[in-house]
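This report concerns only the one structure given below.
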Amino acid sequence: MASGLLLRKAEVVVTMDATRRELRGGWVHMVGDAIAALGDAATPPPKAAETLDLTGHVLMPGLVNTHHHMFQSLTRALPAAQDAELFDWLSALYPVWSRLTPDALRIAATTAMAELMLSGCTTASDHHYIFPNGCRLDDTIEAAATIGLRFHATRGAMSLGQSQGGLPPDAVVEDEQEILRDMERVAARFHDAAPRSMLRIGIAPCSPFSVTRELMRDAADFARARGLRLHTHLAENDKDIDFTRERFRCTPAEYAEELGWVGPDVWHAHCVKLDAPGIALFARTGTGVAHCPCSNMRLASGIAPIPAMRAAGVLVGLGVDGSASNDAGHLLGEARQAMLLARVGHGPAAMTAREALEIATLGGARVLGRDDIGALAPGMAADLVAFDLGALDHAGAHHDPVAALVFCTPARAALSVINGRIVVREGRLLTLDERAHAAAHREAARRLAE
């Protein structure tokens, strides 16, 4: 009896499996929330309840976003923060973010998720660290469930206000005991560690300049006692390095090691200024990195040593970062920028198109500690995206359609399947009225800015 969903006749299926097979004229069969089988044009596919013809499309694993601040989609391109480095940019935006409300947070998160999904993302992690006016992590989790995104929600926090020598105003920091209590609440209520889970919780104190050493240590102990992953910002720019050296008398990597923030259950965002000993430490301990090239360029933070990290064996994934330091959330576009920026900093052979796609899929899955997403193989989660290369943007790029995804104009996903469910079809998001939501988002952004 025919069952499941069959995607067939793709120009090429990019598997990202152990041998990195690319199947010409390939097909993928899904049953329920998992991949059942796949093959190339020479292998007859099974009968299915629904079949989609993907002639002219590249079919691949869904992209994985390892670092975001979704609430920031409300403050894109604000004039006061357009031309600033990290610390000045944050100082300009903290007062605006202090007016965030639960409704505005849900709207902002939905916008960010929709943007990601239309760019080919099927799994995203969000680092939410500001909780004014009754905002809770529940607001972003609700948005993910409604729109259909596989979600890693991290409970961030800021506790080191200006009066204690930190960067954020005291008005936007929280009491550390209250932070730990809420971490306990969201972990107990929401975390699902099962294979192919749609929702997992991480623990994510914000940064060395906004959190005390005590909270960093307590959060690590808390997470490990419950099998949760740890996430924070580290070594993002020169001022970040200076703060850590002046306050803690060590490098950011040494600070992380001292507090227990290295290991296969930890990933750090940015790491633009991670030094050679830090790279060796991360490789030795299995610590991951979320690479955010657009944000690093937007804030003039620098060029992260990604080729050196990968050569050393550091796990690297891709992140779009906050929607006010990137002002976009196109994950395929981020892969293109990762490739181009690596070449600017380290030469034309520093990163290939396929390496960029690997970072955006399998690399991100490994950084998030998942072995059930990021590749196409039987038993893996049914998370797939297809890009149509038949438009003008890709004309003349048929010589290598896989590389064309990265070298040419970043495309909108033509098809997206998450957990076996079609959520994008013919380039249209099925779980959201885009124009109506955009209007609601503009109004929420206007109220917040005013």
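Start at 1 with the first residue, then count along the sequence. Because the structure is a prediction, the values reported are computed rather than measured.
A side-chain donor-acceptor contact under 3.5 Å links R99 to the backbone of L448. The backbone N or O of A145 sits nowhere less than 3.5 Å from a side-chain atom of E142 that would complete a donor-acceptor pair. N326 contributes no side-chain N or O that, together with a main-chain N or O of G322, makes up a donor-acceptor pair within less than 3.5 Å. With hydrogens and angles disregarded, a donor-acceptor distance shorter than 3.5 Å links the side chain of E115 to the backbone of G329. A donor-acceptor distance shorter than 3.5 angstrom exists from the side chain of W267 to the backbone of T66, with no hydrogens or angles considered. The backbone N or O of A77 lies less than 3.5 Å from a partner atom in the side chain of D327, making a donor-acceptor pair. For the pair E355 (side chain) and T352 (backbone), a donor-acceptor distance under 3.5 Å is present. With hydrogens and angles disregarded, a donor-acceptor distance shorter than 3.5 Å links the side chain of D139 to the backbone of R136. A donor-acceptor pair under 3.5 Å is absent between the side-chain atoms of R421 and the main chain of D33, judged by distance alone. Within the 3.5 Å criterion, the main-chain N or O of R200 finds no donor-acceptor partner in the side chain of R229.
Rounding to the nearest 0.5 angstrom, the gap separating the NZ atom in K239 from the NZ atom in K273 is 13.0 Å. Interatomic distance, L118 CG to R412 CZ, rounded to the nearest 0.5 Å: 4.5 Å. Atoms CD and CG, on E334 and L318 in that order, are 5.5 Å from each other to the nearest 0.5 Å. From T154, atom OG1 reaches atom OH of Y129 across 11.0 Å, with rounding to the nearest 0.5 Å. The CG atom of L384 lies 5.0 Å from the CG atom of L376; values are rounded to the nearest 0.5 Å. Here CZ of F190 is found 4.5 Å from CD1 of I141. Values are rounded to the nearest 0.5 Å.
Here D321 does not pair with R298 in a salt bridge; the nearest charged N to carboxylate O distance is not below 4.0 Å. Using a cut-off of 4.0 Å between Lys/Arg side-chain N and Asp/Glu carboxylate O, R8 and D53 are scored as not salt-bridged. Using a 4.0 Å cut-off between charged nitrogen and carboxylate oxygen, R354 and E358 do not count as a salt-bridge pair. Salt-bridge check for R155 with D182: passed, with a basic side-chain N closer than 4.0 Å to an acidic carboxylate O.
Remark: aromatic rings of H268 and H291 are distant, center separation not under 6.0 Å. Here H231 and H152 keep their ring centres 6.0 angstrom or further from each other. Between H394 and F387, the ring center distance fails the sub-6.0 Å criterion.
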H67 and H270: CA distance, side-chain angles, deciding distance, ring-ring contact (aromatic ring centres under 6.0 Å, His included) verdict: CA-CA 9 Å; H67 184 66; H270 300 292; 5.5 Å; yes
side-chain contact (heavy atoms from CB on, under 4.5 Å) between R20 and T15, intermediate numbers included: CA-CA 6 Å; R20 304 297 188 269; T15 66; 5.7 Å; no
Check against side chain to side chain donor-acceptor pair (under 3.5 Å), R196 and N419: CA-CA 8 Å; R196 301 193 292 276; N419 208 40; 5.7 Å; no
Verdict with reasoning, S325 to W89, per side chain to side chain donor-acceptor pair (under 3.5 Å): CA-CA 8 Å; S325 67; W89 174 86; 5.9 Å; no
Candidate pair H68 and D126, rule side-chain contact (heavy atoms from CB on, under 4.5 Å), full reasoning: CA-CA 5 Å; H68 208 326; D126 184 42; 4.0 Å; yes
Salt bridge (Lys or Arg N to Asp or Glu O under 4.0 Å) evaluation trace for R428 with D433: CA-CA 9 Å; R428 186 172 66 86; D433 184 329; over 6 Å; no
Check against side-chain contact (heavy atoms from CB on, under 4.5 Å), L52 and R425: CA-CA 10 Å; L52 297 181; R425 189 192 289 262; 3.6 Å; yes
Verdict with reasoning, L59 to V28, per side-chain contact (heavy atoms from CB on, under 4.5 Å): CA-CA 9 Å; L59 181 62; V28 179; 3.8 Å; yes
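Using a 4.5 Å cut-off on side-chain heavy atoms (C-beta onward), M30 and L7 make contact. Taking the side chain as every heavy atom from C-beta outward, H29 and V31 approach each other to under 4.5 Å. Contact check for I147 versus L429: side-chain heavy atoms found under the 4.5 Å cut-off. In this structure the side chain of Q337 reaches within 4.5 angstrom of the side chain of M297, judged on heavy atoms. Between E50 and I422, some side-chain heavy-atom pair lies under the 4.5 Å cut-off. Contact check for I107 versus H437: side-chain heavy atoms found under the 4.5 Å cut-off. The shortest side-chain heavy-atom distance between E184 and I179 does not fall under the 4.5 Å cut-off. In this structure, the side chains of H191 and L199 stay at 4.5 Å or more apart for every pair of heavy atoms.
Smallest separation of non-hydrogen atoms from L332 and L63: N-CD1, 3.7 Å. Residue I359 comes nearest to R310 through the heavy atom pair CG1-NH1, 3.5 Å, listed as atom of the first residue, atom of the second, then distance. Closest non-hydrogen pair, A92 versus A80, comes out as CB-O, 3.9 Å. The minimum heavy-atom distance between C271 and F282, with the atom names listed, is SG-CE2, 3.9 Å. When all heavy atoms of W261 and M216 are compared, the pair lying nearest together is NE1-O, 2.8 Å. For the residue pair A109 and A143, the shortest heavy atom distance occurs at CB-CB, 4.1 Å.
Side-chain N/O atoms of S73 and H441 include a donor and acceptor closer than 3.5 Å. Side-chain contact of T101 with D103: a donor-acceptor pair under 3.5 Å is absent, judged by distance alone. With no hydrogens or angles considered, no side-chain donor-acceptor pair links N296 and S301 at under 3.5 Å. Defined by atom type and a distance below 3.5 Å, a donor-acceptor pair is present between the side-chain atoms of T43 and D40.
In this structure, R106 forms no cation-pi arrangement with F71, as its terminal cationic atom is not both closer than 6.0 Å to the ring centre and no more than 45° off the ring axis. Under the 6.0 Å distance and 45° angle rule, R226 counts as a cation-pi partner of F222.
Each ring pair (Phe, Tyr, Trp, His ring centres under 6.0 Å) pair with one or both residues in residues 399-425, not counting sequence neighbours, would appear here, but there are none.
In R435, the CZ atom is not crowded: 12 or fewer heavy atoms of neighbouring residues, nucleotides or ligands sit closer than 6.0 Å.
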